[in-house]
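Below is one structure; the comments refer to it alone.
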Amino acid sequence: MPLIHSLYPLLRPLLFKLDAETAHEWTVKMMKFAHGLGLLKSEIRNPKSEITVMELKFPNCVGLAAGMDKSASAVDAWLACGFGHVEVGTLTPRPQHGNPKPRLFRLIKNDAIINRMGFNNPGISAAVAQLEKRSSQGIVGVNIGKNFDTPNENAADDYLKCLRAAYRVADYIAVNISSPNTKGLRDLQAEEPVRRLVSALKEEQAKLSAQHGTIVPLVVKIAPDLDTTQIEMLARVFSEMQLDGLIATNTTLSRTSVEQHPFAKEAGGLSGAPLNQRSTEVIAAFRQLLPKTIPIIGVGGIMSAADAQVKMNAGASLVQVYTGLVYRGPGLISEIAKLPSS
Ligand SMILES: Cc1cc2nc3c(=O)[nH]c(=O)nc-3n(C[C@H](O)[C@H](O)[C@H](O)COP(=O)(O)O)c2cc1C
């Protein structure tokens with residue numbers, strides 16, 4: 001087991017003394033430093049955990065969810081920690097600062113986080129440059145979005161720019177239309193805009209695959225705050241467009257079960273334990289409606305291997321974690337990575 005896994009119970013109280021965003025920055029720096037010293041070497045390699053999804057061979061089912069490494073600066077470190085894949089971003093065409101601070105809040109007694117980061121990121125070119133410097137193999141997804149000041153009518157241009165820029169360095173591309181922290185972004189989940197966007201991206205994917213000789217799968221990341229009619233509509237559109245995969249879900253606007261918390265009224269998306277059940281319901285609903293050719297990556301409130309197994313029983317082929325990593329530490333990765341693939 002890497003040293004960092006056993007050290008986390010000691011590190012966590014220190015990190016939790018810092019404000020949440022500073023702790024996050026320190027964590028990424030520490031990961032890079034520890035990796036540089038060779039302290040992260042993970043021995044988790046179990047042929048029984050290997051799984052092929054979207055024609056990509058994943059060493060295990062657990063990945064790092066988008067948002068933790070927005071600039072793709074520590075990919076080698078995350079992979080060395082035992083993750084079977086890492087999703088970087090969200091990246092936008094131009095760099096942007098995101099929303100004013102404070103914008104990240106821990107709801108410790110609920111094992112939850114509220115964030116309204118607003119796609120703070122160095123821009124797609126800087127992230128691509130980072131990915132070109134990678135020293136390890138391993139699957140990397142590039143999560144793409146639009147700049148905050150790009151109107152929705154022109155959103156496709158932003159996503160297309162990011163798709164073209166990242167195509168060479170990505171194993172898959174995740175199209176984020178579900179962050180609650182970019183005004184109007186979730187409106188792209190409505191029928192007409194989603195149809196237009198996905199069809200433009202699929203068309204470009206076909207051109208790029210002819211150019212590069214490889215098909216980089218295109219997956220869409222959706223919100224948990226969709227009703228049954230919206231889920232049915234999206235499943236129909238994704239099936240028709242032959243989307244390569246779905247990520248369910250992003251953070252929620254709901255505050256059910258955290259209403260009593262002093263931070264409950266902070267604007268932003270809620271993640272962690274309170275999101276667990278809803279994200280599983282959304283995965284199960286899509287699994288019923290989508291053809292088997294469209295795999296689902298399940299994310300939302302996974303705090304243990306048992307939670308990951310519930311997501312897979314609901315129809316997820318792979319899972320991702322973010323908030324669970326903050327509260328449980330990197331031991332969570334090895335716990336989930338040991339699960340046999342089904
Ligand atoms: C601080 C923070 C920042 C996030 N940033 C992004 C992002 O940039 N893009 C994205 O698609 N999801 C982002 N997410 C959502 C996560 O990828 C994930 O979908 C969500 O947090 C639910 O998983 P969890 O309960 O394991 O955290 C972010 C989540 C958090 C907590």
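We count ligands from 1, going down the list as the structure has it; atoms in each ligand are counted the same way.
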Query - Listed partners of F58 passing ring pair (Phe, Tyr, Trp, His ring centres under 6.0 Å), at least two apart - result: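 With neighbours one apart ignored, the set is H85.
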
Query raised in the report: Is a side-chain donor or acceptor of Q230 paired with a backbone partner of D227 at a separation under 3.5 angstrom?
Result: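 Such a contact is found between Q230 side chain and D227 backbone.
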
**Report entry** S178 side chain to N250 side chain, donor-acceptor N/O pair below 3.5 angstrom
**Finding:**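 Yes - a donor-acceptor pair under 3.5 Å links their side chains.
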
Query raised in the report: Who are the side-chain contact (heavy atoms from CB on, under 4.5 Å) partners of Q288, not counting sequence neighbours?
Result: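 Here no residue qualifies.
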
Going by atom type alone, with no hydrogens or angles, which donor-acceptor pairs under 3.5 Å involve a side-chain atom of residues 130-140 and a protein atom two or more places apart or on another chain?
{"unit_1": "E132", "atom_1": "OE2", "unit_2": "R168", "atom_2": "NH1", "d": "3.0"}
{"unit_1": "E132", "atom_1": "OE2", "unit_2": "R168", "atom_2": "NH2", "d": "2.9"}
{"unit_1": "R134", "atom_1": "NE", "unit_2": "S136", "atom_2": "O", "d": "3.4"}
{"unit_1": "R134", "atom_1": "NH2", "unit_2": "S136", "atom_2": "O", "d": "3.0"}
{"unit_1": "R134", "atom_1": "NH2", "unit_2": "Q137", "atom_2": "O", "d": "3.4"}
{"unit_1": "R134", "atom_1": "NH2", "unit_2": "G138", "atom_2": "O", "d": "2.7"}
{"unit_1": "S135", "atom_1": "OG", "unit_2": "D76", "atom_2": "OD2", "d": "3.1"}
{"unit_1": "S136", "atom_1": "OG", "unit_2": "D76", "atom_2": "OD1", "d": "2.4"}

**Report entry** Near ligand 1, at a heavy-atom separation below 4.0 Å: residues by chain and residue number
**Finding:**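 Within 4.0 Å of ligand 1, the protein residues are A65, A66, G67, K70, G89, T90, L104, I113, N115, N143, N176, K221, T249, N250, T251, S271, G272, L275, V299, G300, G301, V321, Y322, T323.
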
**Report entry** R278 bridged to D225 by N-O distance under 4.0 Å
**Finding:**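 Salt bridge: no.
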
